[in-house]
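Working notes, structure below.
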Amino acid sequence: MLKKKNYKFWFCTGSQDLYGDEVLQHVAEHAKEIVGALNDSGDLPYEVVWKPTLITNELIRKTFNEANGDEECAGVITWMHTFSPAKSWILGLQEFRKPLLHLHTQYNEEIPYDSIDMDFMNENQAAHGDREYGHIVSRMRIERKVVVGYWKDEVVRKKIAGWMRTAVGVIESSHIRVMRVADNMRNVAVTEGDKVEAQIKFGWEIDAYPVNEIAACVSDVTEAEVKALLDEYYSKYEILLEGRDPEEFKKHVAVQAKIEIGFERFLEEKGYQAIVTHFGDLGTLEQLPGLAIQRLMEKGYGFGAEGDWKVAAMVRLMKIMTEGMKDAKGTSMLEDYTYNMVRGKEGILEAHMLEICPTIAEGKISIKCQPLSMGNREDPARLVFTSKEGRGVATSLVDLGNRFRLIINEVNCKHVEKPMPKLPVATNFWEPLPDLYTGAEAWILAGGAHHTAFSYDLTAEQMGDWAAAMGIEAVYIDADTKIRDFKRDLMLGEVFFK
Ligand code: MN
């Protein structure tokens, strides 16, 4: 499902012809060498493509427009090797519509003390040229990322790599289509929102389907297909019968296998990459989709519960942004359930009725069947597990009536102190930064939801850069958060985004 696209990033070097052809030849050689080294490093998730040096208004404009039109190009990396008069960039920048990175580097790492002369100064003046270029981008109020440092430095490469994932998130956002199976849960505010504005801002298409249309697709799944998937489940997961009859248990699991196949077929046929369900509106489905949804999330689909289409789209987006990452630890929808408020052991137990993505699991994953305390269907099968330790980022996109706000909270995931043998759902447990009290206070002041889109594999910086590219407000809750400053950030947002 989550097919890696062959995105590329163009590397455009700025210069001018004032210093003659030899200098321009060096500029091109140096840029090619940098591109080669970036690609050979293995640190970048996508390829960088060298482009001929940009020295005229016409070529700059043409190159940016070609980047706009090239479906494989997910963004442009710019670097001014020498001085490049920035008025030449105005038209090109004005017409450019994709993510922009300003790599502020230079060819030489060290000042060549013994040999430096004015020829060297003229040829190697990124410190000078990049300021001229940076000025025009700022003056034009164009959103871009600036990365500063030596191009052979691993830290710089990692920053470029992180930005590339954000850029792909920006490009892919407009390809996200969310299928709503039933409406939002009645009377719930925070899972609602302006779907037209979401399409304008993020490019998301959010469409509703009658639940029985997708249920009919589930009914059409053959017994042989269900049997094959059941075999996969039974070989992959531990079966926790807990006193239930094995055959009866298997029948419950088979219902989820049928839902997984039917739902995926329906989503594929209609071209959706994210889905919401609602436990109160299941039509002819025999169980609330639990295990089925968990498996779909694992395959890369976005999901939001109780009709929460914003979370569904965000989970999908974050899965795209982390796609193909080495040693990825996982991305899922989660819900804040209950606190541990014991001093020194604080944290939030994260779970949902059923639907947590197994990519975040640590260790073995088991199948359980248990009654739901909500809804009116038979006991749904679900995957249960606990999650990995480590840093992650929890996000909540809320609609404030006049705008969207993305709340970004860095969290520290931990193991719970003791097992919870009676809890029949997958869980995570985290302490929000800077601490539970400040983190939760800030989250509530910002209007954050109980549902979150969470990932171990993205940073607050990447999510904030995505929000900036979308032109929406982002607020950060992290180690530096102080409530007084945070309230001022919210106040500034009220003014700025009016
Ligand atoms: Mn929920």
Side-chain angles (χ1 to χ4, degrees), residues 178-193 195 206 208 211 256 259 263 274-282 285 287-298 301-319 330-339 347-360 368 370-377 379-387 392 394-399 406-407 409 411 420 423-430 432 440 443-444 446-455:
V178 183
M179 177 181 287
R180 301 170 66 222
V181 180
D183 204 339
N184 291 60
M185 187 174 164
R186 275 187 293 278
N187 288 319
V188 177
V190 79
T191 56
E192 275 285 8
K195 295 188 285 293
I206 303 138
V211 59
Q256 293 287 335
I259 295 174
F263 271 33
I275 183 168
V276 302
T277 58
H278 179 1
F279 65 89
D281 193 351
L282 294 172
L285 292 173
Q287 296 175 13
L288 174 65
L291 194 157
I293 288 291
Q294 293 177 290
R295 297 261 311 175
L296 290 175
M297 257 195 281
E298 187 178 24
Y301 289 92
F303 173 74
E306 293 101 50
D308 194 338
W309 52 267
K310 298 196 296 302
V311 163
M314 286 304 295
V315 170
R316 168 65 183 172
L317 177 83
M318 290 164 81
K319 284 185 176 282
T331 299
S332 182
M333 171 194 155
L334 283 162
E335 180 171 276
D336 301 314
Y337 257 95
T338 200
Y339 291 122
I348 315 173
L349 187 66
E350 301 287 326
H352 204 259
M353 266 189 285
L354 305 171
E355 314 92 331
I356 304 301
C357 180
T359 55
I360 67 169
K368 271 197 189 200
Q370 288 258 338
L372 268 189
S373 51
M374 294 161 97
N376 56 355
R377 298 303 147 114
D379 304 354
R382 80 288 305 271
L383 297 172
V384 294
F385 50 84
T386 55
S387 299
T395 67
S396 174
L397 181 69
V398 292
D399 185 339
L406 184 67
I407 299 147
N409 193 181
V411 299
M420 298 172 286
L423 191 64
V425 288
T427 56
N428 198 344
F429 179 74
W430 68 52
W443 186 274
I444 285 169
H450 53 284
H451 287 165
T452 54
F454 163 84
S455 181

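Whatever order the structure lists them in is the order used to number ligands and atoms, beginning at 1. If you read the sequence from its start, that first residue is 1, and numbering goes on from there. Values below: every heavy atom of this structure, side chains too, minus hydrogens, waters and symmetry copies.
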**OP:** Taking side chain to side chain donor-acceptor pair (under 3.5 Å) as the test, write out the residues that go with K310, two or more places apart.
**Re:** none
Subject >> Side chains of Y301 and R316 in contact at under 4.5 Å (non-hydrogen atoms) >> reply: no
Original post:
Among all residues two or more places apart in sequence or in another chain, which pass the ring pair (Phe, Tyr, Trp, His ring centres under 6.0 Å) test with W443?
Top reply: none
Original post:
Just checking, is any N or O donor in the side chain of Q256 or Q287 under 3.5 Å from an acceptor N or O on the other one?
Top reply: yes
Original post:
Hey, does L282 have a side-chain heavy atom less than 4.5 Å from the side chain of P289?
Top reply: yes
Original post:
Can you list the residues that meet the salt bridge (charged side-chain N to carboxylate O under 4.0 Å, His left out) rule with D379, with sequence neighbours excluded?
Top reply: R244
**OP:** Keeping waters out of it, list the protein N, O or S atoms under 2.8 Å from the Mn ion (ligand 1).
**Re:** E306 OE1, E335 OE1, H352 NE2, H451 NE2
